[in-house]
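Beneath this line is the structure, given in structure tokens, with notes to follow.
In what follows, every chain begins at residue 1, and chains take the letters A, B, ... in the order their sequences are listed.
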Amino acid sequence: MSNFETYLTSRMTGDDSHTLAAYKKNGGYATLERALKEMQPADVTEAVKASGLRGRGGAGFPTGLKWTFMPDPAKDPRKRYLAINADESEPGTCKDRVIMDEDPHGLLEGILLACYAMKCEASYIYVRGEYRHQYDRTAAAIVEAREAGLIGKNILGSGFDCEIHMHKGAGAYICGEETGMMESLEGKRGHPRPKPPFPAGFGLWGQPTTVNNVETIFNVPFIVDKGAEWYRTMGSESSPGNFLVGISGNVNKPGVYEAPLGTNAKELLEADHFAGGVPEGRKLKAWFTGGSSTGMMSADTIDVAMDHDSVKAAGTMLGTAAMIILDDSQCVVRAMQIIARFYDHESCGQCSQCREGCQWLHQIFKRIEDGQGRDGDIDLLTSIGNGMAPGKTICALADAAAIPAHMMVKHFRAELEEHIRDGGCKINKTGKYAPQSAPEPAEAQA
Amino acid sequence: MALPKNLKDEFTELVTHYPESRAGLIPALHRCQEDLGGWITPEIMEDLAEFFGIEPVEVYGVASFYPMFRLTPPGENVIKVCHNISCDLRGASDVLEKAKELTGADVHGTSADGKFTLEVVECQGCCSTAPMIDLNDQFHENLTLDELERLIGGCK
Ligand SMILES: Cc1cc2nc3c(=O)[nH]c(=O)nc-3n(C[C@H](O)[C@H](O)[C@H](O)COP(=O)(O)O)c2cc1C
Ligand code: SF4
Ligand code: FES
């Protein structure tokens with residue numbers, strides 16, 4: 001059994017954990033009430049800062065620090081917004097949906113505390129369009145909370161006003177990038193904006209805006225309730241707290257698990273209270289640390305602490321902590337081809353390095369997998385990747401596409417060479433996975 | 001005007017959520033697609049343009065950017081098979097082959113009898129419950145081939 005304190009998933013039991021009644025039974029909204037009565041907005045920000053909470057949307061940016069980038073309302077009287085990133089579209093990532101399904105009031109309480117701290121008058125929750133069930137659950141929670149006087153004007157008689165609105169995306173991964181998301185929320189194509197200006201100065205409708213991930217904000221009520229010191233007893237020095245780890249692919253028990261940051265990836269993969277190992281008779285071949293954009297690493301790297309700094313030292317990023325596991329029946333080139341296809345499909349096309357680079361990476365990985373690989377293709381992959389990133393494009397999607405290509409060359413060069421030399425894939429010609437290469441998804445119909 | 005009154009009323013309320021009404025466009029496109037035949041007709045685009053006070057070409061530019069909006073009519077049932085990495089590792093190719101066989105539709109095509117449209121989509125956020133399909137806007141996760149057969153058999 002696990003020997004750590006859980007809190008993120010602590011209320012996610014029973015059939016009614018999403019209701020206000022169940023949430024209140026567990027002490028729900030008491031933290032908000034206390035904060036509105038006893039704390040100044042700056043005290044809330046200070047608690048979050050002291051906790052060391054880092055964003056769970058992929059980049060791991062310190063949340064409290066991000067909140068302080070919002071301009072001082074005494075000097076800048078513009079309207080202010082909190083935008084919640086519930087776009088969750090990074091392949092492998094399926095954790096935010098658990099919060100929206102099982103404990104939406106926890107998210108709402110976090111939003112209200114964050115809006116109080118930053119003096120935002122409204123928050124928009126941008127939910128990917130496919131998450132209908134999660135949208136409905138959260139929307140129902142908003143209705144309940146509004147009826148209970150927890151959302152709207154003069155919340156709990158404190159004089160604090162705050163609105164929370166739901167907003168539906170429509171299937172474009174790029175709308176998870178924070179400025180692409182803001183464009184999309186404004187009713188436009190999800191084309192990321194050049195930065196600066198940053199969202200805190202020029203966000204939604206040009207007003208000061210903070211963008212945070214669902215899981216990030218879900219941590220906030222716990223921090224405000226129990227304090228930064230308690231929070232720092234979990235996780236590691238530079239990445240405190242627990243996190244939700246989605247584990248998918250060739251494991252016995254795929255699922256979303258709560259664990260302290262810094263838990264060893266090998267334990268997450270193998271322990272019975274986590275993913276329970278790869279299927280019997282199989283060995284680990286490759287794994288992604290945190291979603292497709294962190295790239296695939298070889299099996300010998302699995303003994304690593306899952307926190308931002310340790311994973312970085314191992315050569316990649318913690319990302320969304322979505323571990324994707326490949327056993328030795330899988331072809332890593334096929335897996336890479338799927339990833340490359342994804343970024344080719346999702347590039348918004350504004351920057352030529354990204355638009356063309358993604359196309360090239362996809363085509364080259366596809367031809368290698370299909371047995372049409374050429375001498376020199378591996379060097380070509382590296383030079384295309386170098387041309388895309390970092391910092392040469394409007395947003396980080398180009399990096400997200402280039403990193404897996406670089407990781408592929410670094411960790412699985414031999415497999416690429418073998419595919420080129422032998423004229424194709426041995427595994428997928430004989431194995432149980434489809435003999436043909438992965439089909440193309442539809443372009444948005446034009 | 002092809003926009004029915006109930007939707008118009010709904011959108012009139014919707015735009016009050018935002019400081020600028022255009023922000024309601026994408027949610028409104030969803031509601032039109034849901035209620036009005038499963039796709040966005042040119043006529044609806046014109047009506048939405050009028051409602052939001054923008055040019056039809058701007059509505060088209062948005063509708064065509066987002067993969068969830070369909071600009072051609074679908075079959076009676078729409079099956080989307082995720083073929084991204086986590087699903088692929090757990091047999092999405094078999095799911096897709098079986099779906100083709102059972103529906104008679106090609107990938108990104110509609111069966112001759114008009115009953116099924118089959119699409120391949122990117123990751124739907126069901127990675128640790130893979131493989132998955134979305135059938136008529138509902139997820140079916142941890143999908144087996146038998147369950148797929150039952151689901152397709154149960155479609156009208
Ligand atoms: C291409 C791309 C896609 C992204 N998708 C998501 C997403 O789906 N969800 C998310 O929370 N963050 C996503 N991000 C990160 C956001 O831009 C942003 O950093 C994050 O929402 C900030 O929240 P946090 O500080 O709470 O982590 C994405 C970034 C990029 C470059
Ligand atoms: S890097 Fe790619 S996705 Fe990002 S703005 Fe440029 S073209 Fe679009
Ligand atoms: S890969 Fe299929 S749902 Fe994520």
Side-chain angles (χ1 to χ4, degrees), chain A residues 79 88-94 96-97 128-133 163 165 167-173 184-190 205 207 246-250 254-256 288 292 322 324-326 330 334-335 338-339 342 345-346 348 432-434 436 438-446, chain B residues 17-31 33 39 52 54 58-72 80-94 96-97 107-108 119-130 134 137-139 142:
Chain A
K79 288 183 179 176
E88 187 148 85
S89 312
E90 168 91 2
T93 311
C94 47
D96 296 335
R97 63 176 285 188
R128 66 175 298 176
E130 296 90 338
Y131 274 3
R132 291 187 170 80
H133 188 260
E163 275 302 329
H165 300 290
H167 188 95
K168 225 176 236 195
Y173 168 70
S184 180
L185 233 160
E186 291 178 11
K188 303 171 194 157
R189 292 183 297 263
W205 303 285
Q207 313 297 307
I247 310 181
S248 65
N250 306 128
V256 177
F288 293 77
S292 57
I324 309 169
I325 306 295
L326 285 78
Q330 304 294 345
R334 175 186 170 86
I338 292 172
I339 300 301
F342 173 73
H345 184 246
E346 301 297 333
C348 85
K432 98 181 196 13
Y433 291 91
Q436 89 283 32
E440 308 283 320
E443 293 297 324
Q445 296 117 326
Chain B
H17 300 190
Y18 309 97
E20 287 177 19
S21 65
R22 181 177 173 158
L25 177 59
I26 291 169
L29 282 162
H30 273 298
R31 291 292 295 116
Q33 182 159 300
W39 66 296
F52 287 101
I54 55 182
E58 292 182 86
V59 177
Y60 182 82
V62 169
S64 64
F65 181 84
Y66 292 94
M68 283 182 79
F69 297 130
R70 205 172 282 109
L71 303 182
T72 52
K80 300 177 182 176
V81 180
C82 171
H83 210 292
N84 210 297
I85 179 81
S86 303
C87 287
D88 186 69
L89 293 170
R90 296 185 78 89
S93 299
D94 298 341
L96 184 61
E97 286 309 308
V107 174
H108 304 304
E119 291 177 357
V120 166
V121 290
E122 297 294 1
C123 177
Q124 302 285 296
C126 305
C127 318
S128 63
T129 45
D134 178 315
D137 294 342
Q138 254 206 311
F139 287 172
N142 291 312

Under 4.5 Å from any heavy atom of chain A - which part of B:Asn84: both
Side chain, backbone, both or neither: which part of A:Arg97 has a heavy atom under 4.5 Å from chain B? side chain
What do the steps show when you test A:Ile247 against B:Ser128 for side chain to side chain contact (heavy atoms under 4.5 Å, CB included), and what is the final call? CA-CA 6 Å; A:Ile247 310 181; B:Ser128 63; over 6 Å; no
Between B:Ala92 and B:Val81 the two heavy atoms that sit nearest each other are O-CG1, 4.2 Å
How far apart are the closest heavy atoms of A:Gly92 and A:Ala322, and which atoms are they? O-CB, 3.1 Å
Can you tell me which portion of A:Glu346 sits under 4.5 Å from chain B's heavy atoms? Options are side chain, backbone, both or neither. side chain
Here the gap from A:Ser89 atom OG to A:Phe342 atom CZ, rounded to the nearest 0.5 Å, amounts to 6.5 Å
A:Lys188 meets the side chain to side chain donor-acceptor pair (under 3.5 Å) criterion, sequence neighbours left out, with A:Glu186
So for B:Phe139, is it side chain, backbone, both, or neither that comes closer than 4.5 Å to the heavy atoms of chain A? side chain
Heaviest contributor of heavy-atom pairs below 4.5 Å to chain A, chosen from B:Cys123, B:Gly61, B:Ala130, is B:Cys123
Less than 4.5 Å to any heavy atom of chain B: does that hold for the side chain of A:Ile339, its backbone, both, or neither? side chain
Which one of A:Pro91, A:Gly129, A:Ala170, A:Ala172 has the most heavy-atom pairs closer than 4.5 Å to chain B? A:Ala170
Cationic N near anionic O, under 4.0 Å, A:Arg128 to A:Glu130: yes
Using non-hydrogen atoms only, which part of A:Thr93 is less than 4.5 Å away from chain B: side chain, backbone, both, or neither? backbone
Heavy-atom pair with the smallest gap, counting every atom of A:Ser184 and B:Tyr66: OG-OH, 2.9 Å
Pick from A:Arg132, A:Gln207, A:Lys79, A:His133 with the largest number of heavy-atom pairs that fall under 4.5 Å of chain B: A:Arg132
Minimal heavy-atom distance between B:Ala23 and A:Leu185, with the atoms involved, is CB-O, 3.1 Å
Okay, B:His30 and chain A: the region with an atom under 4.5 Å from a heavy atom over there is side chain
When only pairs under 4.5 Å are counted, which of A:Ser248, A:Cys348, A:Gly169, A:Gly246 shares the most heavy-atom pairs with chain B? A:Ser248
Side chain, backbone, both or neither: which part of B:Asn142 has a heavy atom under 4.5 Å from chain A? neither
